[in-house]
Each structure stands twice: as structure tokens, then as C-alpha cells.
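First, the structure itself, so that you have it in front of you.
Throughout, a chain's letter reflects where its sequence line sits, starting with A, and its residues are numbered from 1. What you see is a predicted model; the values in this text were computed from it and never measured.
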Amino acid sequence: MASYDFQKIEKKWQEYWQKEQSFKAQVNTSKPKFYALDMFPYPSGAGLHVGHPLGYIASDIVCRFKRTKGFNVLHPMGFDAFGLPAEQYAIQTGQHPAVTTEENINRYKDQLKNIGFSFDWSKEVQTCDPSYYKWTQWIFIQLFNSWYDYDSNKARDIENLVAIFEQSGNASVNAACDEDVVNFTANEWQAFNETQQQGILLKYRLTYLSETTVNWCPDMGTVLSNDEVKDGFSERGGFPVVRKKMSQWSMRITAYAERLLEGLDTIEWPDPLKEMQRNWIGKSIGAEMTLNIDGHDDTITVFTTRIDTVYGLTFMVLAPELDIIKKITTAEQRDEVETYIETAKNKSERDRMTHVKKVSGVFTGAYAIHPFSGEKLPIWAADYVLAGYGTGAVMAVPGGDQRDYDFAKHFDLSILPIYEGMDISEEANPTKEGKIINKGMLEGLTFQEATDRAISFLEEKGIGSKKINFRIRDAIFARQRYWGEPVPIYFKDGTPYPVADEDLPIVLPEIDKYLPTADGDPPLARADNFTYTPKGSTEAYSLELSTMPGWAGSSWYWYRYMDASNDNAFVSDEAKDYWKDVDLYIGGTEHATGHLLYSRFWNKFLCDKGFAKEEEPFKKLVNQGMIQGRSSLAYRINGTNKYVSFSLKDEYDTTKIHVDVSLVENDVLDIEAFKKWRPDLKDAEFILEDERFICGNEVEKMSKRLYNVVNPDDIVSKYGADTLRMYEMFLGPLEQFKPWNTHGIDGVFKFLRKFWRLFHNESDDFVVSNDTPTKEEQKIIHRTIKKVEEDINNLSLNTSVSTLMIAVNELTALKCNKREVLEKLVIALSPFAPHTSEELWEQLGHSGGVSLAKYPDFNESYLTESTHEYPISINGKVRAKIAFAIDKPKDEIEAEVLSHDLVKKWTDGKPPKKIIIVPKRIINVVV
RNA sequence: GCGGAUGUGGCGAAAUUGGUAGACGCACUAGACUUAGGAUCUAGCGCCGCGAGGCAUGGGGGUUCGAGUCCCUCCAUCCGCACCA
């Protein structure tokens with residue numbers, strides 16, 4: 001009996017690939033390059049489940065295919081190794097996160113190697129490795145030493161800004177900077193002392209320190225993200241959380257907002273993903289307008305996208321956080337305003353969001369002057385206005401904006417119509433149609449006319465202008481945690497300075513406990529001597545105590561893969577000039593507004609500074625869908641240790657229990673294994689149907705807790721890596737979310753066995769015929785390689801598995817074991833089932849590996865040449881027959897019509913001159 | 001609320017430009033072979049109907065000789081953003 005011994009075959013070829021370093025990618029300018037990147041995993045303690053490799057398999061298929069097409073392929077893998085879970089584990093166990101991380105990485109690597117990927121492991125990166133984060137720190141310093149010039153629209157050296165300041169002060173500088181910079185002259189600049197100068201420069205740097213409001217949990221000594229806070233308490237532990245201003249490192253990503261938006265039009269990414277980034281960046285075009293406050297020198301500036309509605313403006317609303325409120329509040333309103341501000345301050349962001357519908361606010365007692373009409377507008381404070389967007393103040397136009405309308409109704413403020421005929425009796429009307437009706441300079445104008453007119457009025461009066469606003473915020477770039485890259489900054493007299501390049505990396509120090517100090521300082525404060533002594537100095541200065549956020553290391557890693565062990569640069573010019581950018585990036589959507597946006601930002605920055613070649617790092621991106629778990633459920637009758645089979649469960653009062661999926665096959669529970677699974681199940685009883693116990697199932701996230709995790713190692717040992725690879729592809733379209741179901745895997749396994757058997761006799765000897773293939777056999781093989789090639793090019797890998805199956809079915813029926821057929825089929829199969837392909841390739845007498853073979857060109861003539869006769873029927877009766885040589889679709893060919901009955905119906909009885917057909921169908925008749 | 005996606009047998013799914021809907025696989029049924037297997041092979045398998053035939057791609061409408069595919073509308077599920085002025 002012929003046997004397909006996948007275990008022997010796969011072991012043999014994995015060892016061969018390793019020994020020969022078959023997939024080592026080297027710069028080779030005589031060949032075109034192809035760079036395929038997978039989103040590198042965070043090595044969690046749970047190991048890989050079958051969902052993780054999905055995208056890697058797809059990219060590996062493309063890579064192996066590209067190699068047969070003559071490309072020099074870079075396909076690396078590494079680990080995003082800094083992260084919270086390792087740190088949390090360290091806090092609980094005292095185990096150093098580096099130790100657990102390394103263990104996890106090794107486990108991941110073993111699992112990955114089992115699947116037979118063509119990764120170049122010599123280029124592996126680990127973000128937690130000092131030789132790697134040395135360069136993350138280096139990029140941080142590059143950002144620190146740069147400012148963004150809107151005139152040349154790129155990042156420039158900070159020295160260059162200093163030179164401008166020395167020459168002419170900052171009045172002519174058009175830079176991305178903090179809002180509170182004041183103007184100074186060259187002379188004033190010269191007169192500032194070092195600390196003052198550095199303070200100003202910090203407001204221009206692309207990484208900068210700023211005061212930001214955070215969720216601070218004093219009991220845990222840490223900052224929490226919005227989703228870790230529930231109703232003012234920490235989700236874990238239930239400790240009180242307050243909003244606190246903290247000095248934090250930030251990245252000036254907002255400087256790149258416009259370019260990040262425009263760049264989206266130049267890359268081949270899924271539209272939904274691009275849309276997510278567009279929404280996140282949130283560009284809106286409008287106008288800014290400054291209003292005077294009655295009886296004060298202070299002014300209020302607002303941003304609006306609807307300056308045309310300015311005559312509908314009846315009151316002003318400020319975000320409660322604004323300092324100006326305190327200044328303008330009248331004595332009689334003071335108490336009320338302060339109470340309101342205090343309440344608003346303690347509401348978390350999330351809190352504010354959940355109470356969206358509740359109208360709240362307070363009158364300050366002050367009035368602003370309408371710049372167009374001169375009317376007095378009451379100034380209110382309300383938390384429906386966000387401090388973080390625009391100027392934190394709005395001109396309320398209740399006639400045109402529903403939120404303003406609700407507010408006006410609630411506090412009985414006046415509501416004016418703006419356009420003729422608009423109905424505002426029930427709700428606001430945001431129309432732009434018609435002509436403006438209010439008295440004033442915009443009366444009778446249309447939307448566009450009014451907008452232009454209003455803006456030019458603002459500009460004439462010097463109180464406003466056209467303005468573009470972005471929703472995107474600068475990214476906070478610091479965490480009060482241990483397990484992350486140290487920030488390479490030291491403080492001298494409270495002023496931050498970068499560590500010198502030659503002193504990098506600043507290595508993460510050893511500490512006794514991975515918790516904040518009693519004073520609430522980050523864990524790094526526990527380290528002894530965590531200081532820095534600059535060259536030529538005798539004094540040791542303290543280093544920054546927070547570490548970088550999780551996304552730091554992943555924002556540039558694709559460059560490191562090009563030249564992973566370079567100690568002199570983050571990547572050599574040679575490698576960078578050759579590999580340039582990523583041709584295909586495969587990963588999940590969950591990184592849409594995180595990693596993928598930050599990476600584009602850093603890449604643009606590196607590009608500005610001449611460190612990168614391409615403006616966009618990832619030319620083409622594909623989102624693979626997540627593989628979900630398919631949980632198995634047993635139904636326990638409440639109050640007993642009795643379990644009832646699926647279809648009988650409704651007759652009892654039951655609770656569903658998750659059963660480990662390894663104890664279930666085709667929804668049938670292995671009762672004996674179930675009893676041994678947990679001690680409390682030893683005496684369990686069962687109510688069966690058809691003498692079997694059937695489990696229910698549910699699609700959920702794959703997770704240990706739900707006992708639905710399927711480990712790829714188990715699949716590999718039972719069916720082999722090739723079967724796993726093909727089955728994951730066969731499961732459905734790559735982009736789609738789908739549950740894992742081990743059922744169907746037999747079909748793919750059968751296919752490989754069948755293929756094997758076609759070329760092996762009963763005693764497992766390789767038997768191949770040297771006869772020339774017939775037309776029919778040629779047709780099968782050429783159709784297959786054509787389809788597989790097309791499918792790989794558009795990543796419809798599920799259908800190419802089907803195509804290969806059909807080919808083998810047909811060849812088996814023909815008992816075709818011809819050399820030429822096998823040779824071509826093996827090449828087509830090799831990206832999917834590399835081990836089996838290599839083995840057959842060798843048996844054919846080839847050496848050097850199938851990936852070095854040329855992908856066969858398909859021959860169109862095999863696919864098209866044959867004569868067909870097709871009936872044309874109407875109402876089920878055959879009315880005509882058309883005979884023609886089948887040809888390429890869309891070609892117009894003349895056909896002899898044997899009977900004209902049907903056609904005459906369409907042509908008023910006249911015989912047709914020409915009938916245009918595609919195979920099997922008439923599409924047009926020309927009379 | 002806004003934006004995006006998806007909807008086809010018992011199940012996973014196919015279906016160039018609009019052209020025999022359900023390829024391929026799972027499950028199921030029947031049979032063959034047998035040194036009895038979770039192996040292999042053959043046939044069947046959308047629904048209704050004995051049949052001829054009819055009905056079927058979330059519902060309804062439209063364009064077309066012809067619609068899973070294009071247009072309108074409604075419904076359901078999932079995802080993202082969410083007081084963004």
C-alpha cells in the first residue's frame with residue numbers, strides 16, 4: 001500500500017532548507033526584489049493557535065511563487081516583544097519579563113518552523129533586544145532633534161531652526177508647534193538663557209514634553225487608558241481614578257496630518273482601512289473667528305465649518321476645561337460655574353460619552369460681541385463642547401446644529417432660521433440650500449457666496465480666516481511601565497537633553513520589583529544609578545523614567561529586517577536602496593489607526609531626513625480575517641451531574657458548559673475522555689440521542705478560557721504542515737472572518753494522498769511515465785497553472801486549492817502519471833504544499849529545490865481549441881443550434897445558424913447577418 | 001447617529017465582462033472491494049413534485065432577451081468612529 005509519509009518528508013525538507021539556508025535573502029541587483037512582510041506577533045504565553053499563521057501562510061505562498069517567477073524575495077519574521085502581559089506576569093511572579101518573553105519567543109519559533117515557512121530567520125528581529133532598541137532610541141533622538149517646517153512641508157534639523165531664530169526670531173517661521181509659543185525677535189532670542197532657549201525649542205521639536213490630561217489611578221500608581229476606567233473607578237480593582245495633568249512625552253504626528261491623508265491615495269490598501277485612517281485624521285475645512293468679550297480684554301476664538309450660518313449665532317459655548325471661563329465669570333454666577341466645572345472635570349472621557357444625550361451647562365454671566373451684527377451673545381460653559389477639538393469653543397447656531405438646538409431648547413435660548421423657508425420648529429436644519437434670509441451682509445446669498453463673503457470680511461477685519469482642522473491628536477509617547485524601551489533623554493536643570501548617539505543604547509536597568517515606587521514614580525525609579533554622564537562632564541544626570549509605548553518598536557521594524565545585524569546604522573544604504581519598501585504587507589485591521597498610522601508617520605519623517613527612500617512604507621496591504629474559535633458545548637441539567645445531548649436539551653433546565661474541543665469529533669463527544677478531563681466529571685451521567693452525545697457549538701474568539709483553542713502543532717502531527725497550509729487557505733477568502741472547523745481538513749489531506757498515489761505504486765515506489773501527454777492532459781495542466789497563477793496574484797488562494805484538487809481528480813480518472821504533467825503540477829503546487837512538492841521534485845530527478853525552477857507558462861492553445869454545438873432554447877424547447885469553434889470570450893465570431901426560429905423573433909423575421917456570441921450564449925444579433 | 005462590510009444548500013464556499021447558480025470540499029445516503037479501515041473506489045445529494053415540471057442567491061421593486069452580479073428600497077448581522085462644531 002502506497003503511503004504518503006508526511007512526517008518523514010516534512011522533517012527531511014525542513015532540515016534541508018535550514019542546512020542550505022534556502023531562503024536567505026541577499027541584496028542582488030541583477031534580480032528584481034520582492035519584499036513580503038507579515039505583522040510580527042506579540043509572543044504571548046498561550047502560544048500560537050491555528051488562527052495566527054493564516055496571514056503568514058498566504059504571504060509564504062506568494063513568496064514561494066515569486067521565487068519561481070525569478071524574484072529575489074525577502075520574507076522575514078520577528079517578534080514585537082515589549083508589552084503589558086509579560087510585565088503583568090512579572091509583577092505577579094517576580095520573574096523577569098525578559099525571561100518569560102524569551103521562553104515565549106522560542107515556543108513561537110518552534111511552532112512556526114513546524115509549518116514550513118520560507119522565512120529568512122537570519123534576519124529575525126526582537127524589539128526588546130538592546131541591539132534593536134538602540135535604533136528605536138536613535139530614531140526617537142532624530143525626532144527630538146527635528147522640527148516641522150510647513151513652508152517646505154518637511155521635517156528639518158533643529159539646528160536649522162536655531163539659526164533662523166538667531167537671524168530673525170520666530171515671526172517668519174511657519175512651523176508645527178505648541179499653541180502657546182509667543183513671538184520673539186532675534187535679539188530677544190540671543191538674550192534668553194540656555195534654559196529659556198531649550199524651553200522654546202521643546203515647543204517645536206517633533207517629540208516634546210507636554211502637559212496632558214490622563215486618567216491617573218493613585219492606588220495603582222499608573223496611568224490608565226480610557227477603556228480601563230469605568231464610572232470613575234479602575235476596571236481592575238475598583239480603585240478611584242482621577243483626571244490629572246501630567247508632563248508626558250508626545251509625538252507631533254499632527255504635523256504630518258495632511259501628508260498622511262494625501263498618501264492614502266497613492267497606496268494599494270483596502271478601502272475600508274483607508275477610510276478608517278481618513279476618519280481618524282478627520283480633516284475638516286472651515287473658518288476660525290475671534291470674538292470680543294463685553295467688558296474684557298480677552299477674546300474667544302472659535303472654529304466652524306459653517307461660517308455661512310454666522311447670522312444664526314445666538315450664544316457661545318466653551319468647554320469647561322478652558323481657563324478663560326474663570327476670568328469672565330460674573331460674581332453672581334461664580335458658585336454655579338465652579339460646581340459645574342468641578343463635576344465635569346471628574347467625569348472621565350468615557351463617562352462623558354455615555355451621557356451624550358443629557359444636556360448640561362452653565363451660564364457664565366459674560367457676553368461676547370457678534371462680529372458681524374454687534375449683538376450681545378451669552379457665553380455658556382457646557383461639556384458637550386470638547387476641549388481637545390478646535391479651540392474648545394463653539395459659536396452656537398441652534399437653527400443649523402442639532403446639539404446647539406437641544407441646548408437652546410433646554411435653556412430657553414433663542415433659535416433663528418438661516419435659510420429661506422427652513423423649518424426649525426421641531427429640530428435643527430443643517431441645510432445649505434436656498435438663500436440666506438437674515439438681515440445683514442449675507443442676506444440673499446447662497447451657501448457658497450455667503451461662505452466666501454464671510455471669510456473675506458473676517459480677513460479684512462483681521463479677526464479670522466479660512467482654517468483647516470484635524471481631529472487627530474498628537475500621540476502620547478510615554479508609559480509609566482518597566483517593560484519597554486527606555487527614553488534616551490536625561491535632565492539637566494529640569495531641561496531634557498538627548499543622550500549622545502555613541503552612548504546608545506540606554507539599556508533597561510534591573511530592578512527589584514516591577515511596580516511604581518511609593519511616591520508614584522514609574523518602576524524605573526527603583527533602579528540604582530539610572531543616570532547618564534555626558535562625555536566631558538563629571539556629573540551624572542538622571543534619565544527619563546518612563547518608557548516608550550508599545551508601538552515604538554513596531555513603527556520601523558521593516559527596515560531592520562533588511563539588514564538586521566548592522567551595528568553602525570539602523571539599516572545600511574545598500575540594503576535600503578535595494579529593498580526600498582514593502583511590496584506586500586499582510587495583517588489584521590486592528591492596527592488601522594495605531595501601528596499602521598504611526599508607521600506611516602515615522603516613515604515620512606525618516607524620508608524627510610533622507611534616511612528612507614519611499615514616502616510610503618507599505619505599497620500594498622491586505623487584511624486577513626481573523627480565524628475564530630468554534631466552541632463545543634455540553635448541557636448540564638441544573639443541580640445534577642447529568643448532561644444532555646444537543647437536540648434534547650430544551651426538554652430540561654440546563655446550563656451550557658464549554659467542553660475542550662479536543663474531546664469532540666464531528667460534534668460527537670468522547671464520553672470517556674470527557675469523564676477523565678476533570679475530576680468532578682468522573683461520575684457524570686449522560687442522556688444520549690441515537691446512542692451518541694452531540695455537542696452544541698458557538699463561534700467565539702479563540703481563547704484558552706473557552707477551551708476552543710486549536711494548536712497548529714496538533715494538526716501538523718496528525719495531518720502534516722502541507723495539509724494545514726492548504727486547509728487554512730481552503731477555508732475561505734483570506735479577508736473574511738471565519739470559524740476554525742477541523743472537520744473539513746480530511747478533504748485536503750485526501751487530495752495530497754491522492755496526488756502522491758498517482759505517482760507511486762503499491763509498494764511506494766515512484767513510478768512515472770515518459771510518454772507525451774495527450775491534448776486532454778495538457779489542457780488540464782495548463783488550465784491549472786493559469787488559474788493558480790491568477791489566484792496567487794489576486795490572493796484568492798481558496799479557489800486555487802480547489803483548482804488543484806480538480807486537476808488531480810481528473811488526472812486520477814485518466815490514470816495519468818506522466819513526467820511532464822507531474823513536473824508542471826508540482827511547480828504549481830509548491831507554494832501551497834512545499835514539502836510534498838520538494839519530495840516529488842527530487843524524485844523526478846531534479847535537485848536544488850522546486851522554488852528555483854521556473855514557473856511554467858501556460859499555453860493558451862490547449863485551453864481554447866475545440867468545436868462545440870450549443871442549443872438555444874426558449875421556454876425549455878430547443879429552437880436553434882449554433883455550432884462554432886470555441887474561442888476567447890468577447891471575440892466576435894460568425895456562426896452558422898442551423899435554425900432561425902428564435903432569432904427571427906428578434907429581427908422581425910429577417911435572417912440575421914451576424915450573431916455575436918460568447919461560449920454558450922448568444923449576446924447580440926446584428927441584422 | 002455617521003462611515004464601512006456582509007447576506008447563496010445541512011455546513012465551508014465557487015461563479016472573468018450581466019450569460020447553464022451551487023464548482024471544490026465537508027457531512028449525509030446507497031453500493032463495491034476487503035488480510036475489517038478514521039483506507040480506497042462508484043453513484044446520489046438546493047427545495048417542492050411519482051412525474052412532466054415548477055420554485056430558488058435576505059425581502060420587495062426596477063433595468064435587460066437574460067440579474068447572485070447593475071439601480072432603488074427595506075430588513076438582518078458584524079466592524080470602525082462616536083457631542084469633531
Side-chain angles (χ1 to χ4, degrees), chain A residues 1-3 270-280 282-284 286 302-307 309 317 319 352-359 382-386 388-397 400-404 406-407 430 469-473 589-590 592-593 623 625-626 665-667 718 726-727 730-733 735-751 753-754 757 787 790 794 796 798-809 812-813 870-874 876 888-890 902-903 905-906 917-925:
Chain A
M1 191 46 140
S3 74
D271 287 331
L273 189 68
K274 287 188 183 180
E275 206 49 41
M276 265 192 241
Q277 290 210 346
R278 283 194 193 102
N279 290 340
W280 191 260
K283 179 178 180 172
S284 59
V302 294
F303 172 74
T304 176
T305 53
R306 293 295 304 275
I307 193 67
T309 64
V317 191
R352 262 165 85 157
M353 285 178 213
T354 46
H355 297 110
V356 164
K357 291 287 168 278
K358 231 164 112 189
V359 178
D383 66 3
Y384 83 90
V385 175
L386 304 177
Y389 183 74
T391 59
V394 301
M395 56 174 238
V397 182
D401 183 285
Q402 192 57 43
R403 293 154 304 171
D404 296 343
D406 294 340
F407 194 81
N469 231 332
F470 292 96
R471 203 170 66 103
I472 191 171
R473 299 273 77 87
T589 18
E590 65 272 22
T593 52
N623 286 128
M626 209 189 292
E665 181 127 12
N666 283 4
D667 291 340
K718 204 165 167 193
M726 291 195 88
Y727 184 56
F730 185 69
L731 225 41
E735 303 81 7
Q736 204 164 292
F737 279 65
K738 56 222 160 205
W740 176 266
N741 187 347
T742 310
H743 285 192
I745 201 165
D746 270 333
V748 171
F749 191 41
K750 262 185 218 165
F751 155 77
R753 280 188 307 215
K754 219 168 173 177
R757 237 185 3 252
K787 179 80 165 93
E790 281 169 2
N794 18 319
S796 339
N798 52 331
T799 52
S800 29
V801 177
S802 294
T803 304
L804 288 160
M805 285 179 175
I806 295 168
V808 167
N809 283 346
T812 303
Y870 288 104
I872 302 164
S873 59
I874 187 159
K888 282 171 239 168
K890 285 182 182 171
L902 172 72
V903 176
K905 276 192 176 170
W906 300 339
I917 61 180
V918 295
K920 302 182 186 180
R921 280 286 177 272
I922 291 182
I923 58 163
N924 197 11
V925 177

| request: Quickly work out the A:Phe737 CZ to B:G12 C1' distance and round it to whole Å. | output: 17 Å
| query | So do A:Tyr384 and A:Asp404 actually touch side chain to side chain, heavy atoms under 4.5 Å? | reply | yes
| request: Between A:Ala813 and A:Phe470, just flag the one whose closest nucleotide in RNA chain B comes earlier from the 5' side. | output: A:Ala813
| note | A:Arg278 atom CZ is separated from B:C84 atom C1', nearest whole Å, by 18 Å
| query | OP1 or OP2 of B:A13 sitting under 4.0 Å from any side-chain N/O of A:Gln736? | reply | yes
| When you compare B:G4 with B:A21, how far apart are their P atoms, in angstrom units rounded to a whole number? | 33 Å
| said: Does A:Pro733 reach a base, just sugar-phosphate, or nothing at all? Heavy atoms under 4.0 Å. | reply: sugar-phosphate
| field | Considering all heavy atoms, the nearest A:Val317-A:Ala396 contact | value | CG2-CB, 4.1 Å
| field | Rounded distance in Å - CZ (A:Arg473) to P (B:A82) | value | 12 Å
| field | Inter-nucleotide P distance (B:G53, B:U42), Å rounded | value | 30 Å
| field | Distance, C1' atom - from B:G66 to B:U77, rounded to whole angstrom | value | 32 Å
| query | From A:Asn279 CG over to A:Ile472 CD1, what is the distance, rounded to the nearest 0.5 angstrom? | reply | 12.0 Å
| request: Could you measure between the two P atoms, the one in B:G3 and the one in B:U63, and give it in whole Å? | output: 29 Å
| query | In whole angstroms, how far is the C1' atom of B:C2 from the CG atom of A:Asn279? | reply | 9 Å
| query | With rounding to whole Å, what would you report as the distance between B:G25 and B:G9 at their C1' atoms? | reply | 14 Å
| task | Round to the nearest Å and state the distance from A:Glu275 atom CD to B:G4 atom P. | result | 6 Å
| Does A:Arg753 place a side-chain N or O at less than 4.0 Å from the phosphate oxygens OP1/OP2 of B:U40? | yes
| field | Ion pair check, A:Lys787 and A:Glu790, cut-off under 4.0 Å | value | no
| said: Just to be sure I understand: a Watson-Crick pair is purine N1 to pyrimidine N3 plus N6-O4 or O6-N4, both under 3.5 Å. Using that and G-U wobbles, which stems of three or more pairs involve RNA chain B? | reply: B:1-7 with B:75-81, B:10-12 with B:24-26, B:28-32 with B:40-44, B:46-48 with B:53-55, B:58-62 with B:70-74
| query | Going from NZ on A:Lys283 to CG on A:Asn469, what distance comes out if it is rounded to the nearest 0.5 angstrom? | reply | 11.5 Å
| said: It should be established whether A:Arg757 places a side-chain nitrogen or oxygen under 4.0 Å from OP1 or OP2 of nucleotide B:C41. | reply: yes
| field | Rounded distance (Å) that lies between atom C1' of B:C2 and atom CH2 of A:Trp280 | value | 16 Å
| field | Sub-4.5 Å side-chain heavy-atom contact between A:Ile745 and A:Phe730 | value | no
| request: For B:A15 versus B:A32, give the span between their C1' atoms, rounded off to a whole number of Å. | output: 34 Å
| request: Sticking with atom C1', work out how far B:G22 lies from B:C75, rounded to a whole angstrom. | output: 24 Å
| request: Tell me, please, which residues at least two apart from A:Arg403 pass salt bridge (Lys or Arg N to Asp or Glu O under 4.0 Å). | output: A:Asp401
| said: Rounding to an integer number of Å, can you tell me how far A:Asn469 CG sits from B:C83 C1'? | reply: 16 Å
| Using a cut-off of 4.0 Å between protein heavy atoms and nucleotide atoms, how would you tag nucleotides 23-31 of chain B 5' to 3' with B, S and -? | BBSSS----
| What interatomic distance, in whole Å, is found between P of B:U6 and the corresponding atom of B:C45? | 32 Å
| task | Rounded to the nearest angstrom, tell me the gap between atom CG in A:Leu731 and atom C1' in B:G12. | result | 7 Å
| message | Let me confirm one number: the NZ-CG distance from A:Lys738 to A:Asn798, rounded to the nearest 0.5 Å. | response | 7.5 Å
| note | Residues A:Met395 and A:Arg306: closest non-hydrogen pair is CE-O, 3.8 Å
| Torsion-based syn/anti label for B:G9, 90° from 0 as limit | syn
| remark: Between the OG atom in A:Ser796 and the CD atom in A:Glu735, the distance rounded to the nearest 0.5 Å is 8.0 Å
| Roughly how far, to the nearest 0.5 Å, is CE of A:Met805 from CG of A:Asn809? | 8.5 Å
